[in-house]
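Written below as structure tokens is the structure these notes are about.
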Amino acid sequence: MNTPLTNYINLLGLVVRDRVTHFQGTTTCLSFDLYGCIQAAVQPKIDKDGKIPEGRWMDVGRLHPNADVRTMSVPDFNPETSTITILGR
């Protein structure tokens, strides 16, 4: 199924680049707020010294996927088929 929500979910694990700042990294988390703003947490690669750089939250409209380079596969969030534990169930 290809809905607007799944389009956003499919950003998870993709390497993306911000169109304005050219900041690049893997999408690790999504946020949908009450006012319609959808943001993604972008985590860059470990630097040459082995340090983990700080990630950034960015509006998804500014993000450009980097040629379908996926760091990890998207989790299955379907409660009927997923192995992810859902609170309250």
Side-chain angles (χ1 to χ4, degrees):
M1 180 178 355
N2 206 7
T3 66
L5 183 59
T6 57
N7 290 338
Y8 293 120
I9 298 296
N10 284 331
L11 285 173
L12 290 171
L14 278 180
V15 175
V16 295
R17 181 180 47 82
D18 180 66
R19 296 172 198 257
V20 177
T21 65
H22 301 284
F23 186 83
Q24 183 170 303
T26 300
T27 305
T28 59
C29 188
L30 293 169
S31 171
F32 299 84
D33 76 15
L34 181 63
Y35 306 103
C37 184
I38 303 169
Q39 293 190 324
V42 179
Q43 179 63 50
K45 288 183 179 182
I46 294 174
D47 68 17
K48 64 183 180 197
D49 298 324
K51 295 180 182 169
I52 301 174
E54 191 171 315
R56 304 258 186 325
W57 282 95
M58 303 187 154
D59 290 338
V60 294
R62 290 174 43 167
L63 299 178
H64 178 71
N66 190 0
D68 291 330
V69 176
R70 189 173 293 282
T71 304
M72 280 182 69
S73 59
V74 177
D76 177 9
F77 292 109
N78 183 341
E80 303 298 322
T81 60
S82 178
T83 57
I84 297 172
T85 303
I86 298 174
L87 295 175
R89 290 195 177 199

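Note that the structure is predicted; figures quoted are calculated from it, not measured.
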field: Distance, nearest 0.5 Å, that separates OG1 of Thr26 from CG of Leu11
entry: 12.0 Å

Closest contact, heavy atoms only, Pro53 versus Pro44: CB-CG, 3.7 Å

task: Any chance you could measure Arg19, atom CZ, to Asp59, atom CG, to the nearest 0.5 Å?
output: 12.0 Å

message: Using every non-hydrogen atom in the two residues, find where Asp33 and Cys37 come nearest and quote the distance to one decimal.
response: OD1-N, 2.9 Å

- request: Would you please name every residue forming a side-chain contact (heavy atoms from CB on, under 4.5 Å) with Ile52, sequence neighbours left out?
  value: Gln43, Ile46

Set of residues satisfying side-chain contact (heavy atoms from CB on, under 4.5 Å) with respect to Leu30, sequence neighbours excluded: Tyr8, Ile9, Leu12, Thr27, Phe32, Ala40, Val60

- prompt: What's the spacing between Thr28 OG1 and Leu14 CG if we round to 0.5 Å?
  reply: 12.0 Å

statement: Contacts of Ser31 meeting side-chain contact (heavy atoms from CB on, under 4.5 Å) (sequence neighbours excluded), chain-then-number -> Trp57

task: Any salt bridge (Lys or Arg N to Asp or Glu O under 4.0 Å) involving residues 35-53? Give me the pairs, sequence neighbours left out, ordered by first then second residue.
output: none

message: I'd like to check the side-chain contact (heavy atoms from CB on, under 4.5 Å) partners of Thr21; sequence neighbours left out, ordered by chain and number.
response: Asp18, Phe23, Met58, Arg62

- prompt: Under the side chain to side chain donor-acceptor pair (under 3.5 Å) test, which residues partner Arg17, sequence neighbours left out?
  reply: His22

